[in-house]
Amino acid sequence: MISDLKGLHEKIYETVKQIPFGKVASYGQIANIVGCTPRMVGFALASLKNNKVPWHRVINSKGTISLKEFEAMETQRLFLEREGVEFNKNGKVDFKKFGWNGDS
DNA sequence: CGGTTGACGTGGA
DNA sequence: GTCCACGCCAACC
């Protein structure tokens with residue numbers, strides 16, 4: 001359960017913050033939890049400027065990183081690998097093993 | 001107040 | 001399996 005909605009962004013932030021260490025969630029998953037469209041999830045994280053939110057644990061449904069800047073995607077991948085998340089040769093994450101069930 | 005934007009998702013080819 | 005087009009809806013200008 002999340003605090004009262006002050007803004008969709010904050011709600012999304014709270015949800016992302018609940019993602020446990022070594023787990024990853026898709027934008028659609030977050031969108032489903034907060035009850036908004038996946039677009040907003042990405043938009044919210046894009047606006048993210050504070051490092052309190054583990055945005056690196058959020059990826060698209062394909063299990064890949066969709067960041068525009070190559071730098072950013074590299075950073076995210078390194079962060080996930082550091083947390084124990086394995087990347088395939090295609091650069092995809094196995095949701096079967098690292099997918100967040102929504103249970104913190 | 002209106003148009004544009006955007007870290008996506010899904011369906012179809 | 002991959003790639004392309006359309007749709008979603010709040011935030012931003």
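Residue numbering restarts at 1 for every chain, and letters A, B, ... go by the order of the sequence lines.
The environment of A:Asn88 atom CG is dense: over 12 non-hydrogen atoms of other residues, nucleotides or ligands sit within 6.0 angstrom.
Rounded to an integer number of Å, the gap from A:Tyr27 OH to B:dT10 P is 14 Å. The CG atom of A:Asn32 sits 10 Å away from the P atom of B:dT10 (whole-angstrom rounding). Here B:dG6 presents its C1' atom at 12 Å from CD1 of A:Ile12, a figure rounded to the nearest Å. When the P atom of C:dG1 is taken as reference, atom CG of A:Asn90 falls 10 Å away, rounded to whole Å. One atom, OH of A:Tyr13, and another, P of C:dA10, lie 16 Å apart when rounded to the nearest Å. Here the C1' atom of nucleotide C:dG1 and the NZ atom of A:Lys89 are 16 Å apart, to the nearest Å. Distance CG (A:Leu45) to P (B:dG9): 12 Å, rounded to an integer number of Å. Between the NZ atom of A:Lys62 and the P atom of C:dG1 there is a distance of 13 Å, given to the nearest Å.
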Take A:Trp100 and A:Gln18 through the side-chain contact (heavy atoms from CB on, under 4.5 Å) test and state the conclusion after the steps.
-> CA-CA 10 Å; A:Trp100 181 40; A:Gln18 289 170 76; 4.1 Å; yes
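If you take CD on A:Gln29 and CD1 on A:Ile19, they are separated by 9.0 Å, rounding to the nearest 0.5 Å.
Along DNA chain C, the nucleotide nearest A:Phe43 and the nucleotide nearest A:Pro38 are compared for position; the residue whose nucleotide lies closer to the 5' end is A:Pro38. Heavy-atom distances to DNA chain C give each of A:Thr37 and A:Ser47 a nearest nucleotide, and the one nearer the 5′ end belongs to A:Thr37.
Contact check, A:Lys92 against C:dG1: no side-chain N or O comes under 4.0 Å of OP1 or OP2.
Between the A:Tyr13 side chain and the A:Ala44 main chain, a donor and an acceptor come within less than 3.5 Å of each other.
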